[in-house]
*Asks:* 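Have a look at this one before I ask anything.
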Amino acid sequence: GVSLVLTVSAVNFGLLFETEQISIIDSFAGLLNSLSFPIQIVIHSQRLDVSSYLHTIDKAYLTQTNSLLKNMTSSYRRFAASIIKDNNVLDKKFYVVIMVTGAELGLIPSVTKEKIRRAATILMPRRDHMIRQLTRLGLKTRQMTTAELVKLFFEIYNPQDLLQIPQQLL
């Protein structure tokens with residue numbers, strides 16, 4: 001089969017008014033009911049290192065001359081540190097994978113121009129449909145490039161090596 005991946009923005013559902021939440025739920029139900037092809041929704045969570053943020057607060061504290069602001073900065077630093085200590089700070093990225101199965105492509109030998117052309121003919125309308133539906137939800141969506149996919153898979157399969165990502169992937 002052949003797949004393409006859309007990267008999708010997020011919405012903070014918990015901060016919306018109840019009427020907005022209901023509207024999003026209804027739109028999502030409409031999206032699911034409109035599908036005539038399989039999709040895969042992927043959420044990639046990655047723990048963030050926020051120590052540099054705490055260092056920035058420390059620097060602001062040291063340069064602050066106003067005693068009231070210095071106390072507020074110190075109080076905020078303690079608050080931020082306690083939140084970080086008690087909870088994992090995660091960066092979440094959302095993806096929708098749209099695929100064409102081998103059966104849909106027919107009996108075409110491995111990778112040929114004909115197979116790629118046929119896959120594109122099937123995938124592009126599906127992609128456009130998903131983008132329209134996700135835009136109705138207020139989400140920004142775009143197709144990922146090959147380089148972005150390589151970088152994403154490298155990060156997923158080599159989480160310990162994130163600091164050593166080869167330059168050509170960046």
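Just so it is clear, the model here is predicted, and its values are computed rather than measured.
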*Asks:* Just checking, any donor-acceptor pair under 3.5 angstrom between side chains of T73 and R77?
*Replies:*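 Not at all, the side chains of T73 and R77 share no donor-acceptor pair under 3.5 Å.
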
*Asks:* Rest of the hydrophobic cluster containing Y61 (Ile/Leu/Val/Met/Phe/Trp/Tyr, side-chain heavy atoms under 4.5 Å)?
*Replies:*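 Other cluster members: L62.
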
*Asks:* Looking at L4, T7, L6, which hits side-chain contact (heavy atoms from CB on, under 4.5 Å) with M144?
*Replies:*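 Among the candidates, only T7 passes.
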
*Asks:* Could you list who else is in L69's hydrophobic cluster, with ILVMFWY side chains joined at under 4.5 Å, directly or through other members?
*Replies:*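 L69 clusters with L68, M72.
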
*Asks:* Can you name the nearest heavy-atom pair linking A120 to P125, along with the distance?
*Replies:*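 For A120 and P125, the tightest heavy-atom pair comes out as O-CD, 4.2 Å.
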
*Asks:* Using modelled atom types and a 3.5 Å cut-off, is there a donor and acceptor pairing between side-chain atoms of T135 and backbone atoms of I131?
*Replies:*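 Side chain of T135 to backbone of I131: a pair is present.
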
*Asks:* In Å and rounded to the nearest 0.5 Å, what is the OG1 to CZ distance from T101 to F37?
*Replies:*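 Between atom OG1 of T101 and atom CZ of F37 there are 13.0 Å.
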
*Asks:* What are the two closest non-hydrogen atoms of E20 and F17, and how far apart are they?
*Replies:*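 Distance-wise, the nearest heavy atoms are OE1-N, 2.8 Å.
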
*Asks:* Rounded to the nearest 0.5 Å, what separates atom CD in Q40 from atom OG in S3?
*Replies:*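 One finds 8.0 Å between CD of Q40 and OG of S3.
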
*Asks:* Roughly how far, to the nearest 0.5 Å, is the OH atom of Y76 from the CG atom of L54?
*Replies:*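 Taking CG in L54 and OH in Y76, the distance rounds to 9.0 Å.
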
*Asks:* Under the side chain to side chain contact (heavy atoms under 4.5 Å, CB included) rule, what do I39 and R126 come out as? Steps first, then yes or no, please.
*Replies:* CA-CA 10 Å; I39 65 167; R126 291 178 180 184; over 6 Å; no

*Asks:* Over 60° means perpendicular and under 30° means parallel, so classify the ring planes of Y157 and F153, tilted if in between.
*Replies:*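 Rings of F153 and Y157: parallel, under 30°.
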
*Asks:* Would you give the length of the straight line joining atom CD of Q133 to atom CG of N33, rounded to the nearest 0.5 angstrom?
*Replies:*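 The distance works out to 10.0 Å.
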
*Asks:* Taking a hydrophobic cluster as the set of Ile, Leu, Val, Met, Phe, Trp and Tyr residues connected by side-chain heavy atoms closer than 4.5 Å, whether directly or through intermediates, do L16 and I22 fall within one such cluster?
*Replies:*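 Hydrophobic grouping puts L16 apart from I22.
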
*Asks:* Looking only at non-hydrogen atoms, find the nearest pair between R142 and E148 and report the distance.
*Replies:*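 Closest approach of R142 to E148, heavy atoms only: NH2-OE2, 2.7 Å.
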
*Asks:* Quick check: do L139 and F28 have side-chain heavy atoms less than 4.5 Å from each other?
*Replies:*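 In short, these two side chains do not touch, never coming nearer than 4.5 Å.
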
*Asks:* Given V11 and F94, is the side chain to side chain contact (heavy atoms under 4.5 Å, CB included) satisfied, shown in steps?
*Replies:* CA-CA 11 Å; V11 62; F94 302 89; over 6 Å; no

*Asks:* Between atom CG of L35 and atom CD1 of I98, what is the distance when rounded to the nearest 0.5 Å?
*Replies:*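 Between L35 CG and I98 CD1, I get 9.0 Å after rounding to 0.5 Å.
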
*Asks:* Determine whether L31 and R136 satisfy the following criterion, side chain to side chain contact (heavy atoms under 4.5 Å, CB included), listing intermediate values before the conclusion.
*Replies:* CA-CA 9 Å; L31 177 151; R136 285 183 56 214; over 6 Å; no

*Asks:* For M130 and R127, run side chain to side chain contact (heavy atoms under 4.5 Å, CB included): C-alpha distance rounded to whole Å, both residues' side-chain angles, the deciding distance at 0.1 Å, then the answer.
*Replies:* CA-CA 5 Å; M130 282 303 299; R127 177 199 63 193; 5.9 Å; no

*Asks:* Assigning hydrophobic clusters by single linkage (Ile, Leu, Val, Met, Phe, Trp, Tyr; side-chain heavy-atom cutoff under 4.5 Å), is L32 placed with L137?
*Replies:*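 Looking at the clustering, L137 is in the same group as L32.
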
*Asks:* Measuring from atom CD1 of I83 to atom CZ of R78, what distance do you get when rounded to the nearest 0.5 angstrom?
*Replies:*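 If I round to the nearest 0.5 Å, the distance is 13.5 Å.
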
*Asks:* Taking the side chain from S75 and the backbone from N71, do they hold a donor-acceptor pair closer than 3.5 Å?
*Replies:*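 The answer is no, because no donor-acceptor pair under 3.5 Å joins these two groups.
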
*Asks:* Would you name the heavy atoms of I57 and A80 that are closest together and state the gap between them?
*Replies:*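 Heavy atoms only, the tightest pair is CD1-CB, 4.4 Å.
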
*Asks:* Counting only N and O atoms by type, is there a donor-acceptor contact under 3.5 Å from the side chain of T121 to the main-chain atoms of R117?
*Replies:*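 A pair under 3.5 Å: yes.
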
